[in-house]
Every structure is written in structure tokens, then in C-alpha cells.
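These notes concern the structure reproduced below.
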Amino acid sequence: MVSRPVARDDRPSSGRSAKRGKRRGRGWLIALAVLVVLLVGADFGAAAYAEHTISQKARQQLQLANDPAVTVHGFPFLTQALSGDYSHITINAQGVAVPPKLRDVDFNADMSDVTAPLSDLTSGNTKSIVIGTLKGEVTIKAADIARQAPLDKIENLKIEPVTEDYVRNGDSGQGETKPTATKENGEPVDTASAGIRVSGNVQIAGQKVEIFCFAMIELDGQKIRLEPKRLQFGNDKETTVVPQAVQDALLPNFNATIDTGAMPFSVTPTAVRVNSGSVTIKGEGKNVAFSGAKPQG
């Protein structure tokens, strides 16, 4: 019997090929994942650089001690940067000084349709940045309001929100703090006027007396006016109606005007809201230059 050599088949088995295919597939997936991570990282890095640039420029123009918080919204950032058009940018700054007497103002800016050429942004040149729509909020604290004449004559000045009805009618009205109109979420509707309670200590016949002034705070162009309506004496827990002759003598001490024309970005006031311890002025501007952020004295 003649034996024949056994032919050797060097072709890989189907099982081995399948394993190699799976390894190649996993390799491509890993490479793709790494690429996505790198692109996302680059996008966030570029956004952080732009936010830092805008923050530093805003700090210089607003004359702040610290950089304000800047957020460039929307993803991806690089497509916005390349086109020079940004859909949404927000700036939150605290401790803004507004000449001549406001020293600690909080400013929030909500910017949409912002035009900022990439070459200018990367070079730190913010003069060509134009804000299509700017919605701003300026919050003035009680300590700053107390510096406005003639309110500077009142010691330990405090402010609280009240309804217009309570300002004008007192206990015969609908209530002291319940808002007269609310949105669907329950927040008060912003209007061009609001009720405010101003309290503090004044000197009457050589005696220090706690007094409550119920007033309306109203927008008047670039100014807000505090128009007092009535007074009450306070003794920690109860209040006493002030005789009309005394009211006529003391009410002018609560009649004040605050000029908001020097606010950052020269935003035109459209609404005012009274908070516990502060007053917030809301406004809106169109086609505003970023270089106008600096308050002018």
C-alpha cells in the first residue's frame, strides 16, 4: 500500500477570521471614541478661552475686583466661533460701582444674537462685539439706596416689598405682601412701578424713633423715583398711625431719585421689582456695543 502525503491547508479557519474582524471593529470604535473625546475637549477648551477673554474685558470695563462669570451657551462652540455669531451669552457680575454713589451693584446680562469676529476675540479685542438683544438686570442693595439724598438722613434703612394697595390703603387694603398680579409660575409680574416699605430710625424732638414709610417706586425715563404715600411709627411689634401734620413734615425725608442712566451697557429701564433688602431694575437694549459696558459718571 502506498501512502499519500496529507495535503496541508494553510487557510485560516472561519472562527479565527471572525475573531480578527471583531478586534478590528473594536479598534475602530475605540479610535472613534478617542476622536470624539478630543473634539469635545477642544470645543470646551475653546469655549473656556473665549469666556475667559470676555470675562477679563468685562472686569476691566466694569472696574471690578474679580472676574465676572461668563457663559457661552450652545454646542458646539467652534461652529459659533468660526462664524462669529453666538446665539446666547450670559454675564453675571457682582460689586459693580456706578458713579456717583452706588458701590455694590449686581448686574446680570442675558445676551442673544451676539456678533464677535473670531480674529478679534482671539486677540482680546472686544470693541467690535455687538449684542443683538441685551436683557439686563441691575440689583441695588439697601446699603446703596441709603446713600441717596435725602434717605442718607435715615439710620439703619431697610426695604421690603408691599402691594400697591397696601401702600395706599394700609390695613383696609387686600394685604401687605401678597402680589397683586402673578405669572403662571407664581412669580410677581414685573411692571414700571412697585410698592415698597422703607423703614429706619429718625430723630423727632431729640428722640430716636423707628418709622415705616410706605411708598411707590416708579420708573421715570432713566431714573427711578421713590414717592412716599404714608407713614407709621413702629415699636418692634406694633405700628402706630402718624398724625397728618407729622407726616407732612417727615414724608419729604423719603422722597428720593436714583439716576440709572449710568448703568452698565446703558440699558433702558422697563420694569422695577422690590425684593427683601434690594431693588431690581430690568431693561432691554438692541444692537448694544460691548464697549458700552463701563458705567459713565
Counting C-beta onward and ignoring hydrogens, is there a side-chain heavy-atom pair between [X] and [Y] closer than 4.5 Å?
| X | Y | value |
| --- | --- | --- |
| L157 | L151 | yes |
| V70 | I89 | yes |
| E164 | M216 | yes |
| D106 | K141 | yes |
| E160 | V274 | no |
| D152 | R147 | no |
| Q203 | K208 | yes |
| F290 | V114 | no |

Side chain of [X], backbone of [Y]: donor and acceptor closer than 3.5 Å?
| X | Y | value |
| --- | --- | --- |
| T79 | P76 | yes |
| D144 | D104 | yes |
| Q80 | S87 | yes |
| T90 | D110 | no |

Connected via hydrophobic side-chain network under 4.5 Å: I91 and V130 | no
Would R230 count as a cation-pi partner of Y166, with NZ or CZ less than 6.0 Å from the six-membered ring centre and within 45° of the ring normal?
->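 Geometry flag: set, cation within 6.0 Å and 45°.
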